[in-house]
Amino acid sequence: MIRRVLPHGMGRGRLTRRPGTRRGGFSLDWDGKVSEIKKKIKSILPGRSCDLLQDTSHLPPEHSDVVIVGGGVLGLSVAYWLKKLESRRGAIRVLVVERDHTYSQASTGLSVGGICQQFSLPENIQLSLFSASFLRNINEYLAVVDAPPLDLQFNPSGYLLLASEKDAAAMESNVKVQRQEGAKVSLMSPDQLRNKFPWINTEGVALASYGMEDEGWFDPWCLLQGLRRKVQSLGVLFCQGEVTRFLSSSQRMLTTDDKAVVLKRIHEVHVKMDRSLEYQPVECAIVINAAGAWSSQIAALAGIGEGPPGTLQGTKLPVEPRKRDVYVWHCPQGPGLETPLVADTSGAYFRREGLGSNYLGGRSPTEQEEPDPANLEVDHDFFQDKVWPHLALRVPAFETLKVQSAWAGYYDYNTFDQNGVVGPHPLVVNMYFATGFSGHGLQQAPGVGRAVAEMVLKGRFQTINLSPFLFTRFYLGEKIQENNII
Amino acid sequence: MAAPWASLRLVAPMWNGRIRGIHRLGGAVAPEGNQKKKRTILQFLTNYFYDVEALRDYLLQREMYKVHEKNRSYTWLEKQHGPYGAGAFFILKQGGAVKFRDKEWIRPDKYGHFSQEFWNFCEVPVEAVDASDCDINYEGLDNLLRLKELQSLSLQRCSHVDDWCLSRLYPLADSLQELSLAGCPRVSERGLACLHHLQNLRRLDISDLPAVSNPGLTQILVEEMLPNCKVVGVDWAEGLKSGPEEQPQDTASPVPA
């Protein structure tokens, strides 16, 4: 009877579900459990990525003191100077948000790379002079331990600006201002010009100004990579993403004339990741708009320009993208090694590129000829009709040239007065601008970066006074016209 | 706790390697094979410890500061003894040699001492300067450019003379007849392009410039730029490829040779 009971019990036992018998194998899967526990311990130890939670390494941090929108040369310059001028090491947390890590449309990489001090405004001249000394000592400013020194490939050949009869007086007064600020510029008559540069045709030229020192052209990409490397070693965080939203808090205040004004303060930036709907809200204290040709979109996100036109609330940021073409051609009998960057009376400019008789140049179109900035396609007919005739007139050797290639880039063009916008906005109190330089942003980037960093950290401009470049001039209508825009 | 102790033991013997390594950072010399292994340990330390990185950064900045100190502008000396005396003193302090007009060359000896007699004839213009192997940089050229009647300048093997410095030489255009840039590691063809201001130059030495990308072509272009000058240094034929009859067999031809 017992023998009959036991198999009965066993049979019944086999039918009931006991813990550990789901898979039908051995109840305690000891080896599998041990390896799982080992994996969990390894993931908790430092140095390994924590697989317990989702991977967020591509997202920006949740808090950052300063968010710089735009990772071009201006944005990186501001980041560098913020880190250089901070009172204590690691005091400020800086995040640079750049939409395109390949910099395919960024003005910096597509720039011709010239630097010159021949401006009419003293502030522009001072900025260029400082930038020249920054570039000269770049391996002291941007030195990173164990990294090779930067070779900017600077050509100190200078700029040669030509003026016709009607512009000669303006050029003379400009050169006077430039010499006062310390730039080394010499004025040349047509005879002296022919002596020095026999390949020039001086028809229509009344006066020429030639920069002797600290002027020339360099490789902007190298500057960008050098800044990026240094800024990363100083602890600035980078994020690839697009700024889609600003959350701000408003405060109603009274001015001294008892007028009500609403002051806004941005406290959160939404950064959207590439090719996905995922976004990260970044709490910030200060936002710097260094978005170049797209700065007006960022300003519109912050609510700048929403208001009745003619008021401070309704003043938009007048920066828009303008397309400029650069053409590269080969001319075996062209000007020799000593050729400076020549800017003709008609606005056409050219310079040598390398040792092999290659030249590059272009011309700024007039307002009516402005191309559509929707894409970066080159207009070759523009070269044939509007650039080549002027070049061939000025340099007869250029009558036989062969275009090798061309590219186009954007100017962050300030439609108001073609000079940069620097400093805070009067109503959105923690948004600082560093944009709108209309083609000379690269050569002024170190100086502007330092000025914005001083404004952020100290509250005023200390070394170069850029108060004429503040945003309020758009509302007050005070144009600071720069005459020497190429 | 093994890691921190190991790093301490590694620091002391690496000290020599680190100082030598920093001297190398300024020049264009590549690290040799036996230095390479030491450098990776140093790099490892620098990447893992903020203190090591900060220390190396400080040492690097100190090296650069030393060069700046050597190249101060002697404005007080210039007020006291005139531009020629100040310029001569600067060159002699750096380790170069100076020749006043109608006088002998004044050179410092191997301890760096030089005769102080030249203070007596500071009104005599300086004719020739031999600044080979000196640490002259852009700021130091301030002192050289005061020597308005300089006829011969030799900047051989100066490791801090670069393209920016060459662009500063134009004030000497009236008098400079001989210039030597042999062996300067930072001078490239872009700096040579601004020598066209020196129209009185009769002899230019541009041999052994490692930063020049195409020495033969550069020589031709510089000769075109300075027609009255004898440009010495590069044999322009060395950059040319062999002619068609010396080319190797065309492997695409159907008939074997």
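Here is the naming used below: chain letters follow the sequence lines, and residue numbers restart at 1 for every chain. Nothing here was measured: the structure is a model prediction, and the numbers come from that model.
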## Note on the structure
Between B:Met64 and A:Ala143 the two heavy atoms that sit nearest each other are CE-CB, 3.8 Å
### Message
At a 4.5 Å cut-off on heavy atoms, which part of A:Glu215 comes close to chain B: side chain, backbone, both, or neither?
### Response
neither
### Message
I'd like to know whether B:His197 forms a side-chain contact (heavy atoms from CB on, under 4.5 Å) with A:Lys196, so could you lay out the CA-CA distance, the side-chain angles of the two residues, the decisive distance to 0.1 Å, and finally the verdict.
### Response
CA-CA 9 Å; B:His197 293 281; A:Lys196 202 148 187 121; 3.3 Å; yes
### Query
Which atoms of A:Phe218 come close to chain B, meaning under 4.5 Å heavy atom to heavy atom: side chain ones, backbone ones, both, or neither?
neither
### Message
Rounded at 0.5 Å granularity, tell me how far CG in B:Leu217 sits from CG in A:Leu355.
### Response
5.0 Å
### Query
What are the residues of residues 84-93 of chain A, in order of number, with any heavy atom under 4.5 angstrom from a heavy atom of chain B?
A:Arg89
## Note on the structure
Among residues 187-196 of chain B, residues within the sub-4.5 Å heavy-atom range of chain A, in order of number, are B:Glu189, B:Arg190, B:Gly191, B:Ala193, B:Cys194, B:His196
## Note on the structure
Interface check, chain B: of A:Gly354, A:Ser233, A:Pro156, most non-hydrogen pairs under 4.5 Å belong to A:Pro156
### Message
With a sphere of 6.0 Å drawn around NZ of A:Lys176, does it hold more than 12 non-hydrogen atoms of other residues, nucleotides or ligands?
### Response
no
#### Entry: Region of B:Gln61 in contact with chain A, defined by heavy-atom distances below 4.5 Å
side chain
### Query
Side chain, backbone, both or neither: which part of B:Glu53 has an atom under 4.5 Å from a heavy atom of chain A?
both
### Task
May I ask you to check whether B:His68 and A:Glu140 show a side-chain donor-acceptor distance below 3.5 Å?
yes
### Message
Quick one, A:Asp146 and B:Arg56 - any side-chain contact, counting heavy atoms below 4.5 Å?
### Response
yes
### Task
Please tell me if the side chains of B:Trp164 and A:Asp214 come closer than 4.5 Å, counting only heavy atoms from C-beta onward.
yes
### Task
Could you please spell out the steps behind the side-chain contact (heavy atoms from CB on, under 4.5 Å) verdict for B:Glu224 and A:Glu338?
CA-CA 10 Å; B:Glu224 271 180 23; A:Glu338 74 278 4; over 6 Å; no
### Query
Rounded to the nearest 0.5 Å, what separation is found between the CZ atom of A:Arg352 and the CG atom of B:Leu221?
5.5 Å
